[in-house]
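Residue numbers begin at 1 in each chain, while the letters A, B, ... track the order of the sequences. Because the structure is a prediction, the values reported are computed rather than measured.
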Amino acid sequence: MYQTPKGFNDILPEDAPYWRHVTATAERVASLYGFERIDTPIIEFTEVFERGAGQGAAVVVDKEMYTFQDKDGASLTLRPEFTAGIMRAYLEHGMRVRPQPVKLYTLGPIFRHENVQAGRFRQHTQWNVEVVGEIDPAVDFEVMSIAWSLFSELGFRGLSFQVNSIGCPDPACRPRHLAALVAYFAAYRGQLNEIDRRRLDVNPLRLLDSKEKESQPLLDAAPRSIDYLCDSCRQHFQALCGYLDWAALPYEINTRLVRGFDYYTKTVFEVWAEGIGAQAAICGGGRYDGLVELLGGPPTPGIGFGSGVERLIAALKEQQVQPPALLKPTVQVSYIGKGEIGQQAKQAALGLVRELRQAGVGALLPFGDRSLKSQLKTADKAGVAHVVIVGEGELQSGQWTVRSLADSSQQAVARAELIAWLAAQQ
RNA sequence: GUGACCAUAGCUCAAUUGGCAGAGCACCUGGUUGUGGCCCAGGAGGUCGUGGGUUCGAGCCCCACUGGUCACCCCA
């Protein structure tokens with residue numbers, strides 16, 4: 001028996017209401033904030049993601065990307081993220097001549113070859129928001145606000161922001177912090193376990209969100225990035241926190257919140273929700289003022305976030321949020337009779353269903369010439385309100401039977417008035 | 001990439017020490033001509049995830065692979 005490849009999932013009809021809830025709400029909120037939709041290809045030249053990731057992370061990135069060679073020899077990659085592709089589009093289509101900042105959102109699948117665990121798959125769907133071309137901290141606030149609006153509208157309760165600033169590449173900023181961080185942990189090198197010793201050598205910032213037992217006692221006194229910010233970054237962060245205070249959005253300054261890639265600057269944030277295992281974050285984002293330059297463009301500030309739809313849905317279920325029901329047909333047209341009469345009744349039912357749908361009334365037709373009993377069972381399970389019954393008697397009199405499933409009442413309605421009658425019941 | 005646990009019908013699960021593959025739910029059909037939900041009866045649905053091995057004999061024991069769950073690594 002065939003199975004889906006590891007980490008790839010079918011999305012079954014049972015989950016459709018959740019998907020509609022999330023995607024429809026995202027679209028609505030985005031338009032409320034004046035964000036415009038962009039859709040980039042699922043495949044980009046591998047270089048877009050490699051250059052975007054920067055040299056340090058390239059090894060890691062290569063390992064987790066679905067990269068393949070096209071028939072003409074080009075190296076292509078299934079997008080492992082949205083931001084790099086959107087920045088490529090920003091440059092390719094000269095979006096810097098549009099009014100700045102450019103506010104974009106997108107929704108679609110991304111692919112990473114990683115091992116599955118709760119809320120993590122090899123293909124997952126992400127809602128992604130980017131604001132490009134403006135460094136004003138009010139933009140950071142705007143991006144966090146739209147995330148907040150989405151999650152509130154979806155029905156989440158008890159959400160909170162985690163915020164931090166990791167500074168910028170200016171020698172007076174992050175490099176100073178990194179040096180202090182390395183010096184601090186190097187002094188305790190003997191206490192670190194193997195994993196954290198490697199972090200110290202490879203990606204010291206990551207020590208700050210280490211889960212290793214041995215390191216926990218060291219974390220409280222570890223140098224915090226917010227204490228090493230340059231003037232520009234400090235003012236930026238203070239302004240952002242000021243806006244968050246003013247809007248009364250609940251947030252916590254989390255000095256251990258970091259990012260793994262070099263192009264991130266200043267603001268990093270997440271939104272956390274309870275109840276989905278180790279993956280508490282339902283949204284992660286940050287400012288990436290260095291990215292566009294890495295891709296060969298002019299210095300261009302940007303900030304954005306991504307939010308995994310599968311994870312959102314899992315969290316919604318965890319919080320027992322009921323998505324709105326999808327629209328369903330409200331009428332079934334059943335046909336009965338044997339032989340010639342049966343075929344006439346079926347044809348008549350076909351005609352009524354067609355007219356109902358044209359009139360905007362959702363209608364179902366039972367197939368396979370089943371017994372009326374069976375057809376009523378089907379109607380009951382489909383949840384329709386009315387069953388129209390057409391058989392020999394109805395064909396002769398022109399008065400068709402309409403059964404209301406709620407109270408089992410039946411009445412005769414003239415065929416000519418049926419459409420209007422049923423439409424009025426909705 | 002690492003580790004733990006797991007895989008029998010569409011779903012949830014049984015199957016004594018290795019000895020004839022089962023139940024409930026769901027599905028289909030009936031319970032006299034054209035009436036749903038409840039009930040009753042019947043039917044269909046499985047090469048026991050796949051491939052090897054041990055054995056007279058494997059759903060059960062061993063190995064590999066695939067997939068699932070969870071955690072680590074990593075996290076764009």
Side-chain angles (χ1 to χ4, degrees), chain A residues 1-9 12 14 48-54 56-65 77 79-87 110-122 124 126 128 130 193-196 198-199 202-203 205-206 209-213 258-264 268 270 276-279 281 284-286 288 291 294 304-306 308 332 334-338 341-342 345 366 368 370-394 401-410:
Chain A
M1 184 77 94
Y2 287 118
Q3 301 168 301
T4 55
K6 183 199 287 276
F8 291 80
N9 298 113
L12 299 176
E14 294 80 82
V48 171
F49 302 118
E50 279 181 338
R51 294 191 61 187
V59 183
V60 176
V61 160
D62 277 345
K63 223 166 58 178
E64 297 214 341
M65 290 200 308
T77 293
R79 63 184 177 206
E81 54 147 335
F82 275 116
T83 310
I86 291 175
M87 292 311 108
I110 66 175
F111 304 85
R112 294 176 192 174
H113 190 99
E114 52 190 355
N115 251 334
V116 296
Q117 66 182 77
R120 273 175 85 161
F121 311 103
R122 289 184 171 178
H124 78 278
Q126 229 179 59
N128 196 261
E130 314 282 355
N193 69 11
E194 196 185 338
I195 289 172
D196 274 347
R198 206 177 70 231
R199 284 196 178 108
V202 176
N203 196 351
L205 214 49
R206 277 280 164 192
D209 64 354
S210 167
K211 293 169 199 158
E212 304 307 312
K213 275 200 182 86
V258 296
R259 289 279 102 113
F261 288 81
D262 290 343
Y263 58 72
Y264 276 104
V268 296
E270 292 185 349
I276 45 173
Q279 311 297 323
Y288 46 84
L291 177 57
L294 280 177
F305 70 84
Q332 175 176 295
S334 289
Y335 54 93
I336 42 178
K338 288 180 177 152
I341 289 167
R370 302 177 196 283
S371 67
L372 180 59
K373 174 184 182 137
S374 168
Q375 295 186 46
L376 283 167
K377 271 188 184 176
T378 303
D380 189 46
K381 278 167 191 152
V384 300
H386 297 279
V387 176
V388 177
I389 300 169
V390 52
E392 188 172 11
E394 286 81 3
T401 304
V402 181
R403 181 179 181 84
S404 165
L405 289 193
D407 59 7
S408 301
S409 65
Q410 294 195 174

Side chain to side chain contact (heavy atoms under 4.5 Å, CB included) partners of [X], counting only residues at least two apart:
| X | answer |
| --- | --- |
| A:R122 | A:K6, A:F8, A:Y66, A:H113, A:N115 |
| A:K338 | none |
| A:L205 | A:H177, A:L178, A:L181, A:N203, A:L208, A:V258 |
| A:E114 | A:E64, A:R112, A:R120 |

Extract from the structure each pairing of a protein N or O with an N or O of nucleotides 30-33 of chain B at less than 3.5 Å, listing the distance.
{"residue": "B:rG31", "atom": "N7", "partner": "A:K373", "partner atom": "NZ", "Å": "3.0"}
{"residue": "B:rG31", "atom": "O6", "partner": "A:K373", "partner atom": "NZ", "Å": "3.1"}

Can you tabulate the close N/O pairs, meaning under 3.5 Å, that link protein atoms to atoms of nucleotides 45-47 of chain B?
none

How would you label the contact of [X] with the nucleic acid (heavy atoms, under 4.0 Å): base, sugar-phosphate, or nothing?
| X | value |
| --- | --- |
| A:V387 | nothing |
| A:R206 | base |
| A:I389 | base |

### Message
Using the ring-ring contact (aromatic ring centres under 6.0 Å, His included) criterion, which residues pair with A:H124? Sequence neighbours excluded.
### Response
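In terms of ring-ring contact (aromatic ring centres under 6.0 Å, His included), with neighbours along the sequence ignored, A:H124 is linked to no residue.
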### Atom P, compared across B:rG31 and B:rU12: separation rounded to whole Å
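That atom pair is separated by 34 Å.
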Let me check something: any side-chain donor-acceptor pairs from residues 374-383 of chain A under 3.5 Å, sequence neighbours excluded? List them with distances.
{"residue": "A:Q375", "atom": "OE1", "partner": "A:S334", "partner atom": "OG", "Å": "2.9"}
{"residue": "A:Q375", "atom": "OE1", "partner": "A:Y335", "partner atom": "N", "Å": "3.3"}
{"residue": "A:Q375", "atom": "NE2", "partner": "A:Y335", "partner atom": "O", "Å": "2.9"}
{"residue": "A:Q375", "atom": "NE2", "partner": "A:R370", "partner atom": "O", "Å": "2.9"}
{"residue": "A:T378", "atom": "OG1", "partner": "A:S374", "partner atom": "O", "Å": "3.0"}

### Message
Restricting to side chain to side chain donor-acceptor pair (under 3.5 Å), what partner residues turn up for A:E392, sequence neighbours left out?
### Response
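Testing A:E392 for side chain to side chain donor-acceptor pair (under 3.5 Å), a comparison that skips the adjacent residues, returns none.
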### Message
Among residues at least two apart in sequence or on other chains, which ones pass side chain to side chain donor-acceptor pair (under 3.5 Å) with A:T83?
### Response
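If we apply the side chain to side chain donor-acceptor pair (under 3.5 Å) test to A:T83, skipping adjacent residues, the hits are A:E130.
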### Query
Any donor-acceptor pair under 3.5 Å between the side chain of A:Q410 and the base of B:rG34?
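Side chain to base: no pair below 3.5 Å.
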Dump the pairs, protein N or O against N or O of nucleotides 65-67 of chain B, anything under 3.5 Å, distances to one decimal.
{"residue": "B:rU66", "atom": "O2'", "partner": "A:Q3", "partner atom": "OE1", "Å": "3.3"}
{"residue": "B:rG67", "atom": "OP1", "partner": "A:K6", "partner atom": "N", "Å": "2.8"}
{"residue": "B:rG67", "atom": "O4'", "partner": "A:Q3", "partner atom": "OE1", "Å": "3.1"}

### Message
Expected output check: what is the dot-bracket annotation of RNA chain B, where ( ) and [ ] are pairs inside the strand (brackets for crossing ones), | is paired with another strand, and pairs are Watson-Crick or G-U under 3.5 Å?
### Response
(((((((..((((.....[..)))).(((((.......))))).....(((((..]....))))))))))))....
